[in-house]
Amino acid sequence: MYWFFPILTYFNAMNTHSYNEQELHRIEELSSLRELNINPYPHTFDRTHSSKDILVTFSDENPEVLSSVSVAGRIMAIRTMGKASFWHILDQDGRIQIYLKKDDLPDMYEHLKLFDIGDIIGVEGYVFRTKVGEVSIHVRTITLLSKSIRMLPIAKEEITETGEKIVHDAFKDKESRYRRRYIDLIVNNDIRTTFIKRSKIITAMRRYFDERNWLEVETPILQPMYGGASARPFVTHHNTLDVDLYLRIADELYLKRLLVGGFEGVYEISKNFRNEGMDKSHNPEYTAMEIYVAYKDYHWMMEMTEDCLNTIAKSVNRSETVIYDGKEISFALPFARKKMSELFVETIGVNPFGFDRAALKELAQKHSVAIDPAANEIKILDEMFSELIQPKLIQPTFVYDYPLEMSPLAKSHRTEQGVVERFELFINGGEVANAFSELNDPFDQRQRLEQQARLKTEGDDEAMVVDEDFLFSLEIGMPPAAGLGIGIDRLVMILTGETSIRDVLFFPQMRPEVS
RNA sequence: GAUCUCGUAGCUCAGCUGGUAGAGCACUUGACUUUUAAUCAAGUGGCCGAUGGUUCGAAUCCAUCCGGGAUCACCA
């Protein structure tokens, strides 16, 4: 049947894209393959091993253990020496060399010129070690599994005498890598391991919570009213209901409703959306983990947080330390704990909690912190903290006991006035986690939200809105509880050593390309 | 949003104060039955991000725009 699919058939399906000369040549190869009765897109292939399986299993003493293996992967290098060829194929675990010899592939060898870098193939053969010492597969049968039409940017890897790996002509243009991440993943081995580690971090976190019988739940992304954080939302529209809906900025208020509903430990790993700027540590959609545990407070949560992160770090890095941005970060227990007010005293010699606006402005000026003239007390305080103190918090540090006005969903401190039971975890000067003893007094919560609503009418477009149903749920009664949010992307950045959030997201947000 | 910087072949990059678009890899053809950045020989391949301007002449100079990166501002 295949000979009824000449190249003209393909032209009908390829009008929308432009092909260069090399790509047109590959499309011609498709026709040649079909004329030879070689299906360029078969349905399955049975593998016995991955590349890594073979490399770790092979032994020179007992090579016959691997006398018949089947491996599949993408052709990454072709070195033809007349009647014999050495290729490298890449599967999820890495590369392995295959050896193709004309004598052993009498029917296929001459057709191998129809195979290109980028094609996915399956091979069957026996494993041996070449003269030069590379464990390789001596191929008995080769099967085309997917013909590649587009050029792959091929980097060449050189192993120096000292064993150092040099990559020549690596695919490194950031824009192309982000826009065509699938190519990046094929070609740049490091980024693949980063994403594998990202997955393992999330798995380790989930395992930690599941082992403690906390329930993973899902709450709405499309919300009639947004809340749980201070941020500007995305707005969308539901046609049938004819209402505007918001993409969630946090899942806090829904998870607390579940505590009201009787669940005693719930968590969600959620995509959140914030309609704000983008930079090395902000993407419009990002992943957060929020967890709420009944009958606990923020002291307990601090211990759980450090233990959880310590467990994850050890699990994915096999080490309590990681080098980040040239600094050694240690996840060893316990993490440092600093009261926010004490940090102020340590840094500027005074605790500014409770200062009026004029006094705060003067203090900010004294320490050269630029302040928006319209900023209220809390914004000035916040600004001073993030300018003067936050950059110094390199090792994991819990900062706790925040000013009440900064934290409308946190419970008032049991002994201190004007302070809430809240902590944030900072690593390398960046905020990684945020937690409180959750406010469950419905009257206090109403006052705080109404204060937020006033700020909103005064022009603070990140202030929260009053969610009456949430308040109603608190009136039904929420148990005392501790809540924690962790920025997953930032945690992944630190544990993988990546300094841009775009390098821990498969598909970071980009401006659309104009065609 | 502001400033700086980049955009040349599929990839990585040269291209100087304006004068016929270059290299390596990749690709094509040929040689080579244990190579590994394989090698050797000969080739193909470009709207020089886009649009205007200056000029006899623009990849190069100028302006605007479009994308990216970095820094800053806002935020997690």
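Please read these numbers as outputs of a predicted model, since none were measured by experiment. Side chains included, hydrogens not; waters and symmetry mates left out as well; all remaining heavy atoms used.
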K.L.:
Hey, does the Lys NZ or Arg CZ of A:R150 hover above the aromatic six-ring of A:Y19, less than 6.0 Å from the centre and inside 45° of the axis?
P.N.:
yes
K.L.:
Give a yes or no on whether A:Q365 atom CD has more than 12 heavy-atom contacts from other residues, nucleotides or ligands under 6.0 Å away.
P.N.:
no
K.L.:
Scan A:Y99 against the nucleic acid and name what it touches under 4.0 Å (heavy atoms): base, sugar-phosphate only, or nothing.
P.N.:
base
K.L.:
Where the side chain of A:R502 is concerned, which of B:rU33, B:rA70, B:rU35 is the nearest nucleotide?
P.N.:
B:rA70
K.L.:
Take atom C1' in B:rA31 and the same atom in B:rA70, then report the distance between them in whole Å.
P.N.:
50 Å
K.L.:
Using Watson-Crick or G-U wobble geometry with both distances below 3.5 Å, tell me the partner of B:rU20, or none.
P.N.:
none
K.L.:
Hey, is CZ on A:R180 packed in by over 12 heavy atoms from elsewhere, all under 6.0 Å?
P.N.:
no
K.L.:
If you only use heavy atoms from C-beta on, which nucleotide in B:rU35, B:rU28, B:rU71 is closest to the side chain of A:D116?
P.N.:
B:rU28
K.L.:
Could you check whether A:E134 gets within reach of a base, just the sugar-phosphate, or nothing at all, counting any heavy atom under 4.0 Å?
P.N.:
base
K.L.:
Please work out if A:R490 contacts a base, only the sugar-phosphate, or nothing of the nucleic acid, heavy-atom cut-off 4.0 Å.
P.N.:
base
K.L.:
Picking from B:rU36, B:rG68, B:rU28, which would you name as closest to the side chain of A:E175?
P.N.:
B:rG68
K.L.:
Roughly how many Å is it from CG in A:D325 to P in B:rU71, rounded to a whole number?
P.N.:
10 Å
K.L.:
I want to confirm an ordering. Mapping A:V132 and A:A231 to their closest nucleotides on RNA chain B, which one lands closer to the 5' end?
P.N.:
A:V132
K.L.:
Say you pick atom C1' in B:rA50 and the same atom in B:rC11; how far apart are they, in whole Å?
P.N.:
23 Å
K.L.:
Examine B:rA38: is either OP1 or OP2 under 4.0 Å from a nitrogen or oxygen in the side chain of A:R79? Give yes or no.
P.N.:
yes
K.L.:
Aromatic ring centroids of A:F209 and A:Y267 under 6.0 Å?
P.N.:
yes
K.L.:
Are the ring of A:Y286 and the base ring of B:rA76 both nearer than 5.5 Å at their centres and tilted by less than 30°?
P.N.:
yes
K.L.:
Anything under 30° is parallel, anything over 60° is perpendicular, the rest tilted; go ahead and classify A:F195 against A:F506.
P.N.:
parallel
K.L.:
Could you tell me the Watson-Crick or G-U partner of B:rA63, where both distances fall under 3.5 Å? Say none if there is no partner.
P.N.:
B:rU51
K.L.:
Name the nucleic acid region contacted by A:A170, choosing base, sugar-phosphate or nothing; use a 4.0 angstrom heavy-atom cut-off, strictly under.
P.N.:
sugar-phosphate
K.L.:
Does a distance-only test, which skips hydrogens and angles, find a donor-acceptor pair under 3.5 Å between the side chain of A:N20 and the base of B:rC27?
P.N.:
no
K.L.:
What about A:D169, does its side chain sit under 3.5 Å from the base of B:rG24 through a donor-acceptor pair?
P.N.:
yes
K.L.:
A:M510 side chain: which of B:rC11, B:rU33, B:rG68 is closest?
P.N.:
B:rG68
K.L.:
Using the C1' atom in both, what is the distance from B:rG19 to B:rA59, to the nearest Å?
P.N.:
13 Å
K.L.:
Under 4.0 Å: is that the gap between some side-chain N or O of A:K156 and OP1 or OP2 of B:rU12?
P.N.:
no
K.L.:
Counting just side-chain N and O atoms, does A:R511 come under 4.0 Å of either OP1 or OP2 of B:rG67?
P.N.:
yes
K.L.:
Looking only at the side chain of A:K174 (C-beta and beyond, no hydrogens), which of the listed nucleotides B:rU71, B:rU28, B:rG68 gets closest?
P.N.:
B:rG68
K.L.:
Which comes earlier along RNA chain B counting from the 5' end, the contact point of A:S136 or that of A:E29, where each point is its nearest nucleotide?
P.N.:
A:E29
K.L.:
Between P on B:rA73 and CG on A:D279, what's the gap in Å once rounded to a whole number?
P.N.:
10 Å
K.L.:
Among the nucleotides B:rU36, B:rG68, B:rU33, which one has an atom lying closest to any side-chain atom of A:H88?
P.N.:
B:rU36
K.L.:
When you get a sec, tell me which of B:rU33, B:rA76, B:rC11 is the closest nucleotide to the side chain of A:F171?
P.N.:
B:rC11
K.L.:
Ring centres of A:Y400 and A:F423 under 6.0 Å apart?
P.N.:
no
K.L.:
Checking side chain to side chain contact (heavy atoms under 4.5 Å, CB included) against A:F171, which of A:I191, A:I154, A:V187 comes through?
P.N.:
A:V187
K.L.:
Which part of the nucleic acid, if any, lies within reach of A:T80 when heavy atoms closer than 4.0 Å are counted: base, sugar-phosphate only, or nothing?
P.N.:
base
K.L.:
Taking the P atom of each, how far is B:rG45 from B:rG53, in whole Å?
P.N.:
31 Å
K.L.:
By the 4.0 Å heavy-atom rule, please label A:S230 as base, sugar-phosphate, or nothing.
P.N.:
sugar-phosphate
K.L.:
Which part of the nucleic acid, if any, lies within contact of A:R179, taking any heavy atom under 4.0 Å across all strands shown: a base, the sugar-phosphate backbone alone, or nothing?
P.N.:
sugar-phosphate
K.L.:
Go through the N and O atoms of the side chain of A:E431 and the base of B:rA76, and report whether any donor-acceptor pair is under 3.5 Å.
P.N.:
no
K.L.:
Could you tell me how far B:rA21 sits from B:rU3 if I compare only their P atoms? Round to whole Å.
P.N.:
35 Å
K.L.:
Name the nucleic acid region contacted by A:K101, choosing base, sugar-phosphate or nothing; use a 4.0 angstrom heavy-atom cut-off, strictly under.
P.N.:
base
K.L.:
How many Å lie between CD1 on A:I154 and P on B:rG24, as a whole number?
P.N.:
19 Å
K.L.:
Any base atoms under 4.0 Å from A:N272, or only sugar-phosphate, or nothing? Heavy atoms, all strands.
P.N.:
nothing
K.L.:
Using whole Å, what does the distance between atom P of nucleotide B:rC74 and atom CD of A:Q390 come to?
P.N.:
12 Å
K.L.:
Tell me the partner of B:rU39, counting only Watson-Crick (N1-N3 plus N6-O4 or O6-N4) or G-U wobble (N1-O2 and O6-N3) with both under 3.5 Å; none if nothing fits.
P.N.:
B:rA31
K.L.:
When you get a sec, tell me which of B:rC27, B:rA73, B:rU35 is the closest nucleotide to the side chain of A:M81?
P.N.:
B:rU35
K.L.:
Give none if B:rC72 has no partner; otherwise give the nucleotide forming a Watson-Crick or G-U wobble pair with it, both distances under 3.5 Å.
P.N.:
B:rG1
K.L.:
Could you tell me whether the side chain of A:Q97 has a donor or acceptor atom within less than 3.5 Å of a complementary atom in the base of B:rU35?
P.N.:
yes
K.L.:
Given the C1' atoms of B:rA58 and B:rG15, what is the spacing between them in whole Å?
P.N.:
14 Å
K.L.:
Once you apply the 3.5 Å cut-off to both distances, tell me the Watson-Crick or G-U wobble partner of B:rG46, or none.
P.N.:
none
K.L.:
For the NZ atom on A:K327, are there more than 12 heavy atoms of other groups (residues, nucleotides or ligands in this structure) within a distance under 6.0 Å?
P.N.:
yes
K.L.:
Select one nucleotide: of B:rC32, B:rA70, B:rU35, the one nearest the side-chain heavy atoms of A:K280.
P.N.:
B:rA70
K.L.:
Counting only heavy atoms not in A:K197 (residues, nucleotides, ligands), do more than 12 fall under 6.0 Å from its NZ?
P.N.:
yes
K.L.:
Counting the atoms with a prime plus P, OP1 and OP2 as sugar-phosphate, which does A:N275 contact under 4.0 Å by heavy atoms, base, sugar-phosphate, or nothing?
P.N.:
nothing
K.L.:
Pick the C1' atom in B:rG46 and in B:rG10, then give their distance to the nearest Å.
P.N.:
12 Å
K.L.:
Determine, for A:F398 and A:R337, whether the Lys NZ or Arg CZ falls below 6.0 Å from the six-membered ring centre while staying within 45 degrees of the axis.
P.N.:
no
K.L.:
Looking at B:rU12, B:rU35, B:rA26, which one has an atom nearest to any side-chain atom of A:Q22?
P.N.:
B:rA26
K.L.:
Could you work out the separation of B:rC16 and B:rG1 based on their P atoms and round it to a whole Å?
P.N.:
34 Å
K.L.:
Under 3.5 Å for both donor-acceptor distances, Watson-Crick or wobble: does B:rG10 have a partner, and if so which one?
P.N.:
B:rC25
